[in-house]
Number of protein chains: 2
Amino acid sequence: MKTMTRKEEIVSVASQLFKEKGYNAVSMRDIAQAMGIKAASLYNHITGKQEILSTLILKVAYEFTSGMSSVLDKPTRPLQKIEDLIILHIDVTVNYSEGLAALNNDWMHLENQDLDAFVKMREDYEANFRSIIKEGIEVGEFKPRHPEVILFSILSTLRTLHLWFQKRGKLDVNVLKKDMVEVLIKGMI
Amino acid sequence: MKTMTRKEEIVSVASQLFKEKGYNAVSMRDIAQAMGIKAASLYNHITGKQEILSTLILKVAYEFTSGMSSVLDKPTRPLQKIEDLIILHIDVTVNYSEGLAALNNDWMHLENQDLDAFVKMREDYEANFRSIIKEGIEVGEFKPRHPEVILFSILSTLRTLHLWFQKRGKLDVNVLKKDMVEVLIKGMI
DNA sequence: AAAATCAACTAACAATCGTTAGTTTTGCAG
DNA sequence: CTGCAAAACTAACGATTGTTAGTTGATTTT
């Protein structure tokens, strides 16, 4: 782990507290105490509480957006793209697990442009995912099921991965990738 | 819809606000305003903000617990039990959609005995679910996949159903049940 | 009609919130 | 050493939080 700027430290410490109690239940004094300083000192490094949240969430959201771009750019078939996206989610979960909790639970506490930017990224991401599924059904690679149900099932699972990964940290990442792809794509029977 | 007591009205109104902004971002004055009264008047019917949350969450948690009991009592095979649990989740989602948001996002803000009771119900529920999956694998009804991954995939999907059900309310409930069972159990290819 | 209960109200409380201003300490470059 | 900037501090602000006390008017019970 490379050396962190003080601001990165604050965002990191805050993200752990946000994960446990949520954005609104964590005070600036809580964050400061976890860093061993006073709340007012935080303002030497950040402009306010909102900046912590938006820095945290938008960084992770960008990872998904750029990951989706990579997947779309490759000339692969729909099934391979879905597999790539599952791997993407697992990798982001492993590397940004703190930020994912905030992204999932506290995105609605973003404000103004940050909120708009996030919502747009999220909608675009879902739309791209949906298109891949629809194309897979059209070319006969997937069963002709309601695309919305497939999209919902996969995304729900992937979005809450961080909860399980921390609880059952014993799960080996590569085993998880393999089994997750199998279960999500081929089902359980 | 039968006539509500005033307390039930408060819990209902509060649950809608909790769903949008989360427990901590909703003030007693917000709840009162949504009911057309003053915050202090709420205390004629409830003992405090905590009671709203615990009433809301524990009612839904009990639905899952008793639903699980029914499924376990029937002398069916593991596959049928899983299908029954999927139906249970969809039914609870339709009938208690507001409470599910609080259960998923704000359970950690419960206190003392309420928190303990909830955590125990949740752990028991997951343990029962896990046992059914393991038995299904043992008797050869399910593929020999990591039980934890199957459990996680199904529960993640079912627990976030309420988010999608409100967004895409056009989805017919019976179509949803059929497709959801198919997708979760048989996969997408 | 009198008495009691209910459910609303006003007013205020102590605590905590995010944030600002002004000051002191720390650590490094010259 | 000296000087300077970075980063900590103390103290306080106005706003909001959940909650309590005491009161009023309406409705129900006796």
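Below, chains carry the letters A, B, ... as their sequence lines are ordered, and counting in each starts from 1.
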| task | With Lys49(A) as the cation and Tyr23(A) as the aromatic partner, state whether NZ or CZ is under 6.0 Å from the six-membered ring centre and within 45° of the axis. | result | yes
| Given that Asn44(B) and Lys49(B) both sit by DNA chain D, which one's nearest nucleotide is further toward the 5' end? | Lys49(B)
| query | Can you check whether Arg29(B)'s main-chain N or O pairs, donor with acceptor, with Gln33(B)'s side chain at less than 3.5 Å? | reply | no
| CD1 of Ile52(A) versus P of dG18(C): gap in Å, rounded? | 9 Å
| What is the distance, rounded to the nearest whole Å, between atom CE of Met28(B) and atom C1' of dT20(D)? | 12 Å
| Ser41(B) vs dA7(C): side-chain N/O to OP1/OP2 distance below 4.0 Å | no
| query | Taking atom C1' of dG18(D) as reference, at what distance in whole Å does atom CG of Leu17(B) sit? | reply | 16 Å
| said: Just to be sure I understand the rule, does Ser27(B) reach a base, reach only the sugar-phosphate, or reach nothing, if contact means heavy atoms closer than 4.0 Å? | reply: sugar-phosphate
| query | Counting any heavy atom closer than 4.0 Å, what does Arg6(A) reach on the DNA or RNA strands: base, sugar-phosphate only, or nothing? | reply | sugar-phosphate
| query | How are the rings of His89(A) and Tyr125(A) set to each other: parallel, tilted or perpendicular (split at 30° and 60°)? | reply | perpendicular
| In terms of side-chain heavy atoms, does Asn44(A) have a donor or acceptor partner in Ser41(A) at a distance below 3.5 Å? | no
| said: Just the rounded figure in Å: distance from C1' of dA21(D) to NZ of Lys38(B). | reply: 18 Å
| Think His45(A) has a side-chain N or O under 4.0 angstrom from the OP1 or OP2 of dA8(D)? | yes
| dT19(D) C1' sits how many Å from Ile37(B) CD1, rounded? | 15 Å
| query | Leu42(A) CG to dT19(C) P: how many Å, rounded? | reply | 10 Å
